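Basis for what follows: all heavy atoms, side chains included, without hydrogens, waters or symmetry-related copies. Each chain gets a letter, A, B and so on, in the order the sequences are listed, and its residues count up from 1. Quick caveat, the model's predicted, so the values are computed rather than measured.
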Amino acid sequence: MPSRTSLLAVLLLATTAAVLVVDLARPSLAAPARSAVAAALAPAQRVLAGWDDGRVAELTAERDALAAEVDRLRAQARDVTELEELARSSTAAAVDRTLLPARVVAVASGSTPVGGRTVTVDVGGEDGVLPDQTVVAVEGLVGRVLRVAPTSADVLLLGDPQVVVGVRFGEDGALGDVQADPVPGLPARGHGQLTLTALGDTRIEVGDRVSTLGSPDDVPYAAGIPLGTVVAVDPDRGQLGRTAVVEPFVDTDTLDLVAVVLREDG
Amino acid sequence: MIRVLGPLVRGALLLAAVLLPSAWPAGLARPDLVLLVVAGVALLHPPPVGLLVGLAGGWLVDVVPPGAAPLGAGALVYAAVGLGLGAVRRQLVLSPVLPWVATGLAAALVLGVRGVAAAAGVGRALPGELAWTLAVTMLVAVLVLPVVMRLERWMTQRGWA
């Protein structure tokens, strides 16, 4: 009897190792399996994430929508004043966005071999969510949609090593990018802090606001969404481009209600 | 036929361990419940049983949303934990504290893999987060580990496992 158990253990172990290799080579092959598990367990996760009386969700959704509207109008006003300079190709004013409210129902385990930052939200393909759509909270950018199942979606959060966001910062809207991993040799980052790297030779000042640059069709990031503020500027240690520490507006550890940015014409 | 019940109960425990963190308050470090279930079973059975339970738990961690990438990495690490704890189980009967200490070492190993992977540029793990996860896991282990082990003993006595 023990030998049968051992045989089964060895067989399954070998299968797991094989799957690991295949998944490293072709991550997309696992999508149907992940989607099936997500569809099966979404109701349980939704229940476990807690009940609410709907009113809170409704008001929060309204607040998020209004905050997004304010952001959009601000971006629009800025665009108008800067139009003559033929400045930026911001899509914020050109695109009407709708926000799909969502709740975080599961958070990635803190003990997996490869540390990532993902959460699951309770809206999915049936609600119109597509991979690579922007996810926001009332404070600002949360991340982007990674995988979509029928009734749930996995969101890659700001702070995951795979997330690199093109941004504008400062008064003049200088260009740069924000990511989690600092350049080697720079001072250590605190919990949740990100690294801003300026494109070009623009000076970065403490207190500069950082917001998303945006991409064509809002994929993966819509334009003009507040991301964070610069809290410290790194010394010059020979890194390419000036770098600074960004404190994001959204605390991804305490996420609850978020919204997926859908395109009106999409 | 009755021997199917044991694995079924273990599967249900693992599923609960994967799903329950959804109900954990946001912002608090989450204990590694899957590791505690794997340890509770592995500490009472020969290594292959621990390995199988570890594999199952790791697979659940990998595929239950939001899941983890690459698929199978978690399964291999938890399988190693189950195998290791099963191998040293006879040395741990000297004191009731030793299983808890061994489980703590196993949790540290799992988190260590995450830390080393992050240091090597794969994924991201901050030392503070790893330390908090370990501390909370050890704390919760004081309650959960004896319960799982008692259930496992009870099932073994009844011939379920």
Legend entry - A:L146 versus chain B, the contacting section by heavy-atom distance below 4.5 Å: neither

Inset, instruction - Could you tell me which portion of A:A44 (side chain, backbone, both or neither) has an atom closer than 4.5 angstrom to a non-hydrogen atom of chain B? - result: side chain

Legend entry - Between B:V49, B:L19, B:T133, B:V122, the one whose heavy-atom pairs under 4.5 Å with chain A are most numerous: B:L19

Inset, instruction - Name the member of A:T16, A:T254, A:T15 that forms the most heavy-atom pairs with chain B at distances under 4.5 Å. - result: A:T16

Inset, instruction - Heavy atoms only, distances under 4.5 angstrom: which of B:V116, B:V110, B:L60 has the most pairs with chain A? Name it, please. - result: B:V110

Inset, instruction - Please look at B:L111 and chain A and tell me whether the side chain, the backbone, both or neither of the residue comes under 4.5 angstrom of a heavy atom of that chain. - result: side chain

Inset, instruction - Could you check if a side-chain atom of A:L12 sits within less than 4.5 angstrom of a side-chain atom of B:W59, using non-hydrogen atoms only? - result: no

Inset, instruction - Sort out for me which of A:A106, A:A36, A:A18 touches chain B most, counting heavy-atom pairs under 4.5 Å. - result: A:A106

Legend entry - Top contributor to chain A contacts, counting heavy-atom pairs under 4.5 Å, from B:G72, B:G54, B:P70, B:A23: B:P70

Legend entry - Interatomic distance, A:Q193 atom CD to B:L126 atom CG [nearest 0.5 angstrom]: 10.0 Å

Legend entry - Euclidean distance, A:L13 CG relative to B:L76 CG, rounded to 0.5 Å: 6.0 Å

Inset, instruction - Could you tell me the separation between the CZ atom of B:R124 and the CD atom of A:Q179, rounded to the nearest 0.5 Å? - result: 10.0 Å

Legend entry - Toward chain B, the part of A:V114 with a non-hydrogen atom under 4.5 Å: both

Inset, instruction - Nearest 0.5 Å please: distance from the OG atom of A:S111 over to the CG atom of B:L33. - result: 9.5 Å

Legend entry - Interatomic distance, A:T5 atom OG1 to B:H45 atom NE2 [nearest 0.5 angstrom]: 11.0 Å

Legend entry - Best-contacting candidate, A:V19, A:V155, A:L156, against chain B by heavy atom pairs under 4.5 angstrom: A:V19

Legend entry - With sequence neighbours excluded, residues passing side chain to side chain donor-acceptor pair (under 3.5 Å) with A:T112: B:R114

Legend entry - Heavy-atom contact with chain B under 4.5 Å, split by part of A:P27: neither

Legend entry - chain A interface, residue from B:A73, B:G128, B:G74, B:G121 that has the most non-hydrogen pairs under 4.5 Å: B:A73

Legend entry - Exceeds 12 heavy-atom contacts within 6.0 angstrom, atom CH2 of B:W160: yes

Inset, instruction - Please report the shortest heavy-atom distance between A:A108 and B:G67, naming the atom on each side. - result: CB-O, 4.4 Å

Inset, instruction - Name the option with the most non-hydrogen atom pairs under 4.5 Å to chain A; the candidates are B:L51, B:V18, B:L55. - result: B:L55

Legend entry - Greatest number of heavy atom pairs closer than 4.5 Å to chain B - which of A:L20, A:D253, A:V105: A:L20

Legend entry - Minimal non-hydrogen separation, B:P65 against A:D154, with atom names: CB-OD1, 3.7 Å

Inset, instruction - Work out which heavy atom in A:R34 is nearest to a heavy atom in B:A68; give both atom names and the distance. - result: NH2-O, 2.6 Å

Legend entry - Distance-minimising heavy-atom pair for A:V37 and B:V64: CG1-CA, 3.9 Å

Legend entry - Heavy-atom pair of closest approach, residues A:S6 and B:P48: OG-CG, 3.4 Å

Inset, instruction - Identify which part of B:A69 has an atom lying under 4.5 Å from any heavy atom of chain A, answering side chain, backbone, both or neither. - result: both

Legend entry - Portion of B:L20 that has a non-hydrogen atom of chain A nearer than 4.5 angstrom: both

Legend entry - Minimum-distance pair of heavy atoms, taken over all atoms of A:S109 and B:V61: CB-CG1, 4.1 Å

